[in-house]
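Remember, predicted model here, so these are calculated numbers, not experimental data. Just so you know, ligand 1 is whichever comes first in the structure, and atom 1 is the first atom listed for that ligand.
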Amino acid sequence: MSDITKIPCTIITGFLGAGKTTLVRHLLENAGGRRLAVLVNEFGDLGFDGSFIEGCGIEGCTQEDIVELPNGCLCCTVADDFVPALNALLNRPNPPEHILIETSGLALPKPLVRAFNWPDIRSRVTVDGVIAVVDGPAVASGAFAEDPNALEAQRAADTSVDHENPLEEVFEDQLLCADLILLNKTDQMAADDKTTVLAEINEHLPRAVKVIETAHSKVDPAVLLGLSAAAEADLDARPSHHETAEDHDHDDFESIAISVAPVATPEALVARVERAAQAAGVLRIKGFAPVDGKPMRLVVQGVGQRVAYHFDRPWKAGEAQDGRMVVIGLKGFDVKAVEAALHNG
Ligand SMILES: Nc1nc2c(ncn2[C@@H]2O[C@H](COP(=O)(O)OP(=O)(O)OP(=O)(O)O)[C@@H](O)[C@H]2O)c(=O)[nH]1
């Protein structure tokens, strides 16, 4: 059980585009008066999810409650970024009652959980629970399944290779560390697919972990917060492909930011992003752009081949109306094709 004098932290993990930011927003909107703070970590170099959450307009949620840790992997920058950011939250005159940590979709959660044993913070915080958000349709489409041909080729080249593809490895690590799993985007899944995906998730789990089906990450906060898992004291129950932060680098993935010019209509940018998403190795595209004659900022994001858009907020006075898209992909993804698609349509 967790110590009630420690501030509970919930780690939200889940692959790129699974619905983590949507979940954080939902929890903030339904905090029921509880003082929440959010630490957001990004893989790409554009602080982004934080800006989505900041723009939420949720009552009681101020800019200082959202702390962004851009550029990289939380678990690898524990001393430099994570511990100081957490300490800054804890040292506030009115510290949060519960902290949500949204990890990058490519982060492995276990090293982050381990970081809660750092002397600086160990007596002050505890991991209340690790929540893994699963992109149901992506799993159903085989996005994380191992490619038998690739595996065979890898094995032939290197007998030490014990795992499948890097996507499956990250996906598995996130499930293996979870105290609770959200099977999300069920609004886009047929009943058969749900059964298959639930079976696939269960296959990966080393222990009994509850799976909740959700659409748009909607789940009662009372179910998610207050699990009292004290995960940092329970690391052995959470096997991982990478047991230490040193043991994992991010060589498997890379990201770039690309400037985009103002567009005439949202559909014009959506069409470009759809084409860019077809380039080999692309996993996630998201960003914003100005639309001719519109006072609002257009947000466009793609997960796999599915692209969505909305206007999130008015451009601020004096803010440069520069369009930028962040593209995350497997190492060596076809950057030229992505640039051509985003620039020329
Ligand atoms: N149809 C459907 N769309 C969803 C659902 N949950 C999230 N989305 C959409 O999926 C996209 C990605 O959602 P996010 O919440 O940004 O996902 P994320 O896990 O934070 O993404 P990264 O931070 O890039 O890893 C957005 O366009 C969401 O609106 C869902 O349950 N159903």
Side-chain angles (χ1 to χ4, degrees), residues 10-29 38-56 66 68-74 100-109 130-141 143-144 167 170-171 173-175 178 181-190 193-194 197 211-219 250 253-257 266 269-270 273-274 277 282-288 298-312 324-329:
T10 295
I11 295 177
I12 299 172
T13 182
F15 204 74
L16 296 167
K20 299 178 294 296
T21 306
T22 307
L23 176 62
V24 169
R25 288 189 58 127
H26 175 73
L27 293 172
L28 290 172
E29 278 162 0
V38 184
L39 279 173
V40 186
N41 181 223
E42 303 270 10
F43 181 78
D45 64 354
L46 179 63
F48 208 77
D49 286 349
S51 94
F52 284 161
I53 300 167
E54 275 162 22
C56 66
I66 315 293
E68 263 180 74
L69 296 169
N71 240 336
C73 170
L74 256 190
L100 307 176
I101 302 172
E102 179 186 342
T103 66
S104 135
L106 297 173
L108 307 173
V130 179
I131 313 293
V133 185
V134 172
D135 184 334
V139 178
S141 72
F144 305 105
L167 302 184
V170 172
F171 174 66
D173 258 42
Q174 294 175 345
L175 292 181
I181 292 169
L182 301 189
L183 170 56
N184 195 35
K185 304 195 183 179
T186 51
D187 56 307
Q188 294 186 328
M189 296 177 80
D193 283 344
K194 275 194 235 171
V197 172
V211 183
I212 300 176
E213 296 179 20
T214 53
H216 300 282
S217 306
K218 284 200 174 71
V219 55
H250 290 277
F253 305 99
E254 63 182 323
S255 77
I256 55 163
L269 186 55
V270 167
V273 171
E274 280 172 351
V282 171
L283 298 170
R284 181 89 166 106
I285 302 180
K286 53 184 178 175
F288 47 78
L298 172 69
V299 171
V300 176
Q301 53 171 311
V303 187
Q305 303 295 312
R306 297 182 305 278
V307 179
Y309 76 88
H310 66 281
F311 289 95
D312 78 327
R324 293 237 284 161
M325 302 298 301
V326 169
V327 185
I328 302 174

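Glu274 places no side-chain N or O within donor-acceptor distance of the main-chain N or O of Gly302, the cut-off being under 3.5 Å. Between the side chain of Thr13 and the main chain of Gln174, no donor-acceptor pair closer than 3.5 Å is present. A donor-acceptor pair is defined here as one N or O able to donate and one able to accept, closer than 3.5 Å; such a pair exists between the side chain of His26 and the backbone of Val219.
Residues satisfying the side chain to side chain donor-acceptor pair (under 3.5 Å) criterion with Asp135, sequence neighbours excluded, are Lys185, Arg306. Looking at residues two or more places apart in sequence or on another chain, you find a side chain to side chain donor-acceptor pair (under 3.5 Å) between Thr214 and Asn184.
The option with the heavy atom closest to atom 3 (N) of ligand 1, from among Glu213, His216, Lys20, is His216. The closest non-hydrogen atom to atom 6 (N) of ligand 1, taken over Asn184, Thr22, Leu283, comes from Asn184.
Between Leu23 and ligand 1, no pair of N/O atoms sits closer than 3.5 Å. An N or O contact shorter than 3.5 Å links Gly19 to ligand 1 by distance. For Arg284, a nitrogen or oxygen atom sits less than 3.5 Å from a nitrogen or oxygen atom of ligand 1, counting backbone and side chain alike.
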**Request:** May I have the step-by-step check of side chain to side chain contact (heavy atoms under 4.5 Å, CB included) for Ile285 and Gln301, ending in yes or no?
**Result:** CA-CA 6 Å; Ile285 302 180; Gln301 53 171 311; over 6 Å; no

Quick one: do Leu167 and Phe253 satisfy side chain to side chain contact (heavy atoms under 4.5 Å, CB included)? Show the steps, please. CA-CA 9 Å; Leu167 302 184; Phe253 305 99; 3.5 Å; yes

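Those atoms of ligand 1 that come under 4.0 Å of a heavy atom in Lys286, given as number and element, are 22 (P), 23 (O), 24 (O). With ligand atoms numbered from 1 in the order given, ligand 1 contributes 31 (O) to contacts under 4.0 Å with heavy atoms of Ala215. Near Glu102, meaning under 4.0 Å from any of its heavy atoms, are these atoms of ligand 1: 20 (O), 23 (O). Interface atoms of ligand 1 facing Gln301, defined by a heavy-atom separation under 4.0 Å, are 11 (C), 12 (C), 16 (O), 26 (C), 27 (O). Near Gln188, meaning under 4.0 Å from one of its heavy atoms, ligand 1 places the atoms 1 (N). For ligand 1, the atoms lying closer than 4.0 Å to a non-hydrogen atom of Leu16 are 25 (O).
Contacts between Lys185 and ligand 1 below 4.0 angstrom, taking non-hydrogen atoms only, involve backbone and side chain alike. Contacts with ligand 1 closer than 4.0 Å are made by heavy atoms of both the backbone and the side chain of Thr21.
The side-chain contact (heavy atoms from CB on, under 4.5 Å) test with Val38 singles out one residue from Leu27, Ile101, Val24, Ile12, and that residue is Val24.
Between Val303 and Leu16 there is no side-chain heavy-atom pair separated by less than 4.5 Å.
Taking 4.0 Å as the cut-off, Ala18 counts as a neighbour of ligand 1 on heavy-atom distance.
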